[in-house]
K.L.:
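Provided herewith is a single structure, encoded as structure tokens, for subsequent inquiry.
Residue numbers run from 1 in the order of the sequence given.
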Amino acid sequence: MIVSWNTTNDCNMYCDHCYRDAGCKAEDELNTAQARTLLEQIAKAGFKIMIFSGGEPLMRTDIVELVAYATSLGLRPVLGSNGTLLTLELARQLKEAGAMGIGISLDSLDKKKHDEFRKFPGAWDGAVRGMRNSKEVGLAFQIHTTIMDWNSDEVEAITDFAVEMGAVAHHFFFLVPTGRAVSIEEESLKAEAYEEVLTRIMKKQQTVSIELKPTCAPQFMRIAEQMGVNMRFSRGCLAGTSYCIIGPKGQVQPCAYLNIPLGDVRETPFDEIWRNHEVLNTLRTLDYKGGCGSCGYKEKCGGCRARAAYYNEGDYMAEEPWCLYHGRKGI
């Protein structure tokens with residue numbers, strides 16, 4: 001089970017696609033004591049992988065302390081970062097605190113394209129420097145790439161770069177229109193292009209030893225099986241079933257892109273929200289509508305629930321709109 005906490009809305013970048021609309025620190029974010037209580041509740045709920053994300057988690061001055069506390073609770077802490085603030089010393093401190101790895105964003109091998117997308121001069125160089133610092137201290141890192149129409153032709157080349165840099169994985173994030181990403185929805189991949197890129201990623205997986213994983217593209221599970229690609233994953237969309245996210249102020253929602261408030265951890269313990277909320281229990285039924293409901297890959301894929309909600313007036317159990325496989329019965 002995986003949980004992600006947006007540790008802060010504070011960020012040194014202003015990326016086009018940010019689902020949090022991050023930039024400035026939000027008022028009344030969880031303080032250190034409240035964060036420690038949250039981590040205790042997360043462990044109590046049975047989660048194992050604890051993602052510290054943002055904003056930019058390295059903007060928090062207590063991030064090393066919180067990673068260490070998560071480790072002491074038996075959680076496996078990892079971070080999602082733009083990498084530019086990851087000095088050699090900070091990488092060493094995170095490693096010593098028990099961090100198991102860090103995901104660093106890199107959206108293009110063209111420095112100009114990456115920096116423009118991130119709205120931050122020097123973002124590319126900073127990300128690569130962060131990777132090198134991670135490698136030097138033995139902190140495992142992976143590359144995170146947001147897939148758009150303008151960089152989809154770079155998929156394999158960025159994977160090769162990840163291998164060259166010593167990354168343990170390359171994860172691909174397919175855009176869901178939420179936060180600032182609504183303004184660039186037309187740049188996201190649809191239907192045929194979406195399927196084509198997922199197929200290319202699975203083909204590439206057959207040629208490299210590092211893990212390749214699409215995120216917010218659960219159809220990769222079907223494509224992998226159809227192509228005979230062995231994956232360690234058991235399901236595509238995890239929203240509400242074995243994953244959820246907590247915002248900087250303690251608001252829980254089913255996933256980063258499914259903006260349905262489920263409760264405030266300062267008012268209701270996280271483990272109670274996770275166990276009892278009706279939205280989460282509905283998602284766990286897998287009682288989807290349309291093609292997702294009749295699909296033979298329903299249990300392995302699940303369709304992107306956030307994308308279903310966005311394109312179906314908030315109905316998170318509706319049919320995923322970008323899939324080419326709708327309604328087929330058999331596997």
Side-chain angles (χ1 to χ4, degrees), residues 1-4 19 45-49 51 146-147 171-178 181 188-199 201-202 205 211-245 252-260 262 273-275 277-331:
M1 300 220 305
I2 306 170
V3 63
S4 180
Y19 65 85
F47 285 84
K48 297 302 180 186
I49 300 176
I51 304 173
T146 298
I147 303 296
H171 287 198
F172 309 87
F173 290 75
F174 285 73
L175 186 124
V176 179
T178 186
S188 61
L189 301 182
K190 309 288 197 308
E192 289 85 358
Y194 180 68
E195 182 99 356
E196 186 264 338
V197 171
L198 287 175
T199 300
I201 291 171
M202 291 301 100
Q205 180 66 90
E211 174 185 278
L212 306 186
K213 182 184 182 296
T215 296
C216 296
Q219 291 80 11
F220 86 90
M221 291 292 293
R222 164 180 55 82
I223 294 170
E225 183 165 311
Q226 290 171 334
M227 293 175 62
V229 179
N230 292 321
M231 307 290 285
R232 68 178 177 89
F233 311 102
S234 59
R235 182 167 167 79
C237 181
L238 305 179
T241 59
S242 58
Y243 170 83
C244 71
I245 193 166
V252 181
Q253 57 188 70
C255 84
Y257 310 100
L258 189 52
N259 191 18
I260 302 174
L262 305 178
I273 295 172
W274 175 254
R275 184 172 59 250
H277 201 281
E278 62 179 348
V279 171
L280 299 178
N281 286 326
T282 298
L283 285 165
R284 292 163 191 162
T285 67
L286 310 188
D287 189 18
Y288 308 131
K289 301 174 184 176
C292 285
S294 60
C295 183
Y297 288 91
K298 178 173 72 172
E299 293 187 3
K300 290 189 175 182
C301 170
C304 175
R305 295 300 97 212
R307 202 172 287 121
Y310 180 82
Y311 291 101
N312 291 280
E313 299 181 340
D315 186 354
Y316 53 86
M317 299 300 283
E319 180 179 283
E320 146 85 74
W322 291 0
C323 182
L324 294 180
Y325 199 77
H326 286 152
R328 301 188 189 181
K329 302 286 186 180
I331 293 180

K.L.:
Could you walk me through whether Phe174 and Thr146 pass the side chain to side chain contact (heavy atoms under 4.5 Å, CB included) check?
P.N.:
CA-CA 6 Å; Phe174 285 73; Thr146 298; over 6 Å; no
K.L.:
Nearest 0.5 angstrom please: Tyr310 OH to Asn259 CG, how far?
P.N.:
12.5 Å
K.L.:
Does the side chain of Tyr316 come within less than 4.5 Å of Pro254's, by heavy atoms?
P.N.:
no
K.L.:
Nearest 0.5 angstrom please: Cys237 SG to Tyr288 OH, how far?
P.N.:
6.0 Å
K.L.:
Given side chain to side chain contact (heavy atoms under 4.5 Å, CB included), test Ile201 with Phe220 step by step and report yes or no.
P.N.:
CA-CA 9 Å; Ile201 291 171; Phe220 86 90; over 6 Å; no
K.L.:
Say whether, by atom type as modelled, one donor and one acceptor occur between the side chain of Arg235 and the main chain of Glu299 under 3.5 angstrom.
P.N.:
yes
K.L.:
Going through the distances and angles, do Ile147 and Phe173 end up as a side chain to side chain contact (heavy atoms under 4.5 Å, CB included)?
P.N.:
CA-CA 6 Å; Ile147 303 296; Phe173 290 75; over 6 Å; no
K.L.:
Would you please test Glu320 and Arg305 for salt bridge (charged side-chain N to carboxylate O under 4.0 Å, His left out) and show each step?
P.N.:
CA-CA 7 Å; Glu320 146 85 74; Arg305 295 300 97 212; over 6 Å; no
K.L.:
At what distance, to the nearest 0.5 angstrom, does SG of Cys216 lie from NE2 of His171?
P.N.:
12.5 Å
K.L.:
If I take atom CD1 from residue Ile273 and atom CD from residue Gln253, how far apart are they, to the nearest 0.5 angstrom?
P.N.:
12.0 Å
K.L.:
For residues Gln226 and Met221, determine if any side-chain heavy atom of one lies less than 4.5 Å from a side-chain heavy atom of the other.
P.N.:
no
K.L.:
Compare every heavy atom of Cys301 with every heavy atom of Pro218, then report the nearest pair and how far apart it is.
P.N.:
CB-O, 3.4 Å
K.L.:
With rounding to the nearest 0.5 angstrom, report the CD1 to OG1 distance, Ile223 to Thr199.
P.N.:
4.0 Å
K.L.:
What are the two closest heavy atoms between Ala308 and Ala318, and how far apart are they?
P.N.:
CB-O, 3.5 Å
K.L.:
Met231 and side chain to side chain contact (heavy atoms under 4.5 Å, CB included): which single residue from Glu225, Met202, Glu211 fits?
P.N.:
Met202
K.L.:
Judged by atom type as modelled, is there a donor-acceptor pair below 3.5 Å linking the side chain of Asp315 to the main-chain atoms of Met317?
P.N.:
yes
K.L.:
Against the six-membered ring of Phe233, is Lys213 placed for a cation-pi contact (under 6.0 Å from the centre, within 45° of the normal)?
P.N.:
yes
K.L.:
What I'd like to find out is whether the side chain of Ile245 reaches to under 4.5 Å of the side chain of Val252, using heavy atoms alone.
P.N.:
no
K.L.:
Between Glu319 and Lys289, is a salt bridge (charged side-chain N to carboxylate O under 4.0 Å, His left out) present by the stated rule, with each step listed?
P.N.:
CA-CA 6 Å; Glu319 180 179 283; Lys289 301 174 184 176; over 6 Å; no
K.L.:
Any side-chain heavy atom of Ile51 within less than 4.5 Å of one from Val3?
P.N.:
no
K.L.:
Does the side chain of Tyr194 pick up a donor-acceptor pair with the side chain of Gln219 at under 3.5 Å?
P.N.:
yes
K.L.:
On a heavy-atom basis, which atom in Ala239 and which in Leu283 lie closest, and how many Å separate them?
P.N.:
O-CD1, 3.7 Å
K.L.:
Counting N and O atoms only, with roles assigned by atom type, does the side chain of Arg284 sit under 3.5 Å from a partner on the main chain of Gly240, one being a donor and the other an acceptor?
P.N.:
yes
K.L.:
One pair to check against side chain to side chain contact (heavy atoms under 4.5 Å, CB included): Tyr243 and Ser4. What are the steps and the verdict?
P.N.:
CA-CA 8 Å; Tyr243 170 83; Ser4 180; 3.5 Å; yes
K.L.:
About how many Å separate CD1 of Ile260 and OG1 of Thr282, when rounded to the nearest 0.5 Å?
P.N.:
9.5 Å
K.L.:
Do you know the tightest heavy-atom contact between Gln205 and Leu212?
P.N.:
OE1-N, 2.7 Å
